[in-house]
Asker: 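Sharing a structure here in structure tokens format.
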2 protein chains.
Amino acid sequence: MDNLLANLKIKVSDGLFQIDPFTSKLGKSIIFHSVEMITELGFEKSTFKKLGESIGSPEASIYRYFKSKNQLLCYLISWYWGWMECRLMLEIANISCPNVRLEKSIALVLSNANENIFIEDVEMNKLHQIIISESIKTYLNKDVDTSNKEGAFLNYKQFVERVSKIINEINPKYKYPQMLLTTIFEGAHLQVFFGEHLPRLTNKQNTPDYITKFYINLALQSINSSI
Amino acid sequence: MDNLLANLKIKVSDGLFQIDPFTSKLGKSIIFHSVEMITELGFEKSTFKKLGESIGSPEASIYRYFKSKNQLLCYLISWYWGWMECRLMLEIANISCPNVRLEKSIALVLSNANENIFIEDVEMNKLHQIIISESIKTYLNKDVDTSNKEGAFLNYKQFVERVSKIINEINPKYKYPQMLLTTIFEGAHLQVFFGEHLPRLTNKQNTPDYITKFYINLALQSINSSI
DNA sequence: TCAAAATGATAGTAATACTATTATATTTGC
DNA sequence: GCAAATATAATAGTATTACTATCATTTTGA
């Protein structure tokens, strides 16, 4: 599957960069090293200066690609969800049963922990870690409406939209597909984090897929029991 | 109820302050004005300098109470959950049916939007807004284990713990009470935010309590259908 | 009332998040 | 293959942030 996606250009809103990073060597290097840096240091402690040092380019060059650290984070996260949408399409293609398609969609959101796929040299595992710990910071701030207009959340919205259509196939009268899905996706990411750092806020199990199973059950119960 | 709680000192771990702010006028002023400031500017744009200006005290004086902006945020959030635990105890006292107690617990987490209670001059409405937009930032970072040791999340954990006991009264075999509850509490806060800023990620309704109802249903279905 | 503690006033530092300028490569269109 | 356009490097500079330090002054409580 990596090969299939290797030929695919993931679309990201052009409000999320100054120069498309995948059009140059330096741009690609910024993406690669920023994923490494943010995974290692976290978003708050990451700086363009440090990034410049690991790339071997001056800070100022990075600013030509991304106007701020925030824009870079928005780019990475949007790129991730663009990729996830591609994976989703492949994952659920030719599966007729909507329940199975929904289960596969939910499982997909947590799947990156178990695999190790590289896209454009980026270890998607690490990007997944960034999604878990940092993605919420792109919208939980006072600039959310501006970021939204720049298209920061389009790919995520589309992903949610696609899965919510599956829910409405299962139960056309279900009124809260988006609400259910964002609860599940954000919740799933959070439970991974709690499992590692705040175990009293979750119920960690030995099986690797307990979170996936929990949320699949939660979804199906809610969707089917609704009037 | 305000009166009852007015006589109550909310306990916050002593790792979350340098000097207990409620022991002095300046300390109380820091709490009051920081809630105003963070509500208005958001956490990222808030600074101790600005806070000092609105209090009429130098920055350095604030540092005697809180060693950092982060510690102050942790304090506020812990204080909020300490208060919520008090409210919870009052809310569910003398109610024998655990289902009703659970429903009231979930409703409580979203209740602050509709009321306007003042504790120690702090508009708890505004603190609730801070919980929605900022609380996640206290743990989704690389210093989470240190903050955890300082007791930053104790009050939240206790709140979750109390409600999870209600779940186990309803169904003693239910294996994921903490997971379900943090999914619901964090999810509920997020849906409020999405309703205001990213409507495509939720399913906003005209009724004021649609989020509460959604999560109460979700909880009861999951708890009761579980083996 | 006197000592201790808290606060104010002021200064200073390293780092951050940028912007600006000019020189040097590199690419590209012809 | 070469000039023009473009991208990058090198360097400098700014306002702000997140603190720390010092010392004078005020408040307080035994």
Side-chain angles (χ1 to χ4, degrees), chain A residues 14-34 37-38 40-76 134 137-138 141-143 146-147 150 152, chain B residues 14-34 37-38 40-76 134 137-138 141-143 146-147 150 152:
Chain A
D14 56 14
L16 301 185
F17 53 79
Q18 310 300 108
I19 301 169
D20 180 348
F22 287 113
T23 58
S24 78
K25 207 173 161 183
L26 177 60
K28 284 174 197 168
S29 189
I30 291 170
I31 298 301
F32 174 79
H33 284 98
S34 65
M37 179 181 67
I38 299 171
E40 202 187 329
L41 304 178
F43 183 65
E44 285 78 15
K45 287 175 183 135
S46 295
T47 69
F48 276 10
K49 199 184 173 198
K50 290 172 193 165
L51 182 55
E53 278 159 19
S54 67
I55 293 173
S57 282
E59 236 185 315
S61 295
I62 301 167
Y63 278 99
R64 289 206 313 279
Y65 284 84
F66 298 100
K67 70 180 177 193
S68 67
K69 208 172 73 158
N70 256 285
Q71 194 185 40
L72 171 57
L73 183 62
C74 286
Y75 183 94
L76 292 177
E134 319 293 352
K137 297 168 192 171
T138 60
N141 61 56
K142 294 281 176 185
D143 301 318
T146 307
S147 307
E150 288 168 349
Chain B
D14 57 13
L16 301 184
F17 52 79
Q18 311 300 108
I19 300 169
D20 180 349
F22 287 113
T23 58
S24 78
K25 207 173 164 183
L26 177 59
K28 285 174 196 167
S29 188
I30 290 170
I31 298 300
F32 174 80
H33 284 98
S34 65
M37 178 181 66
I38 298 172
E40 202 186 330
L41 305 178
F43 183 64
E44 284 78 14
K45 287 173 184 142
S46 294
T47 67
F48 275 10
K49 198 182 174 198
K50 290 172 192 164
L51 182 55
E53 277 158 20
S54 68
I55 293 173
S57 281
E59 236 185 316
S61 294
I62 301 167
Y63 280 98
R64 292 209 200 81
Y65 285 83
F66 298 100
K67 69 179 175 192
S68 67
K69 208 172 75 160
N70 256 285
Q71 193 185 43
L72 171 57
L73 183 62
C74 286
Y75 182 94
L76 292 175
E134 320 292 352
K137 296 168 192 171
T138 58
N141 61 57
K142 293 282 176 185
D143 301 319
T146 308
S147 306
E150 288 169 350

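Each chain gets a letter, A, B and so on, in the order its sequence line appears, and its residues count up from 1. Both backbone and side-chain heavy atoms feed into the values below; hydrogens, waters and symmetry mates do not.
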Asker: Evaluate the criterion side chain to side chain donor-acceptor pair (under 3.5 Å) for residue pair S34(A) and Y75(A); output intermediate values, then yes/no.
Answerer: CA-CA 11 Å; S34(A) 65; Y75(A) 183 94; over 6 Å; no

Asker: Which atoms form the tightest heavy-atom contact between E134(B) and I38(B), and what is the distance?
Answerer: CG-CG2, 4.0 Å

Asker: Measure CG/L72(A) against C1'/dC18(C) and give the value in whole Å, please.
Answerer: 15 Å

Asker: Which heavy atom of F66(B) sits nearest a heavy atom of L72(B), and at what distance?
Answerer: CE1-CD1, 3.6 Å

Asker: Taking the side chain as everything from C-beta on, heavy atoms only, tell me whether Y63(A) gets closer than 4.5 Å to E59(A).
Answerer: yes

Asker: List in numerical order all residues of residues 15-29 of chain A for which some heavy atom is under 4.0 Å away from an atom belonging to DNA chain D.
Answerer: S24(A), L26(A)

Asker: Using side chain to side chain contact (heavy atoms under 4.5 Å, CB included), reason through D143(A) and N70(A) one step at a time and then give a plain yes or no.
Answerer: CA-CA 10 Å; D143(A) 301 318; N70(A) 256 285; over 6 Å; no

Asker: Is there side-chain contact between L26(A) and S57(A), with at least one heavy-atom pair below 4.5 Å?
Answerer: yes

Asker: Are E44(A) and K137(A) close enough for a salt bridge, meaning some N to O gap below 4.0 Å?
Answerer: yes

Asker: For DNA chain D, what residues of residues 40-52 of chain A have any heavy atom nearer than 4.0 Å?
Answerer: none

Asker: Quick one: does any side-chain atom of Q71(A) pair with a main-chain N or O of G15(A) as donor and acceptor, under 3.5 Å?
Answerer: yes

Asker: Considering only heavy atoms from C-beta outward, does the side chain of R64(B) approach that of I30(B) to under 4.5 Å?
Answerer: no

Asker: Counting only heavy atoms and a strict 4.0 angstrom limit, can you tell me which residues of residues 57-68 of chain A come near DNA chain D?
Answerer: S57(A), P58(A), A60(A), S61(A), R64(A), Y65(A)

Asker: So, E40(A) and K50(A), do they make that salt bridge, N to O below 4.0 Å?
Answerer: no

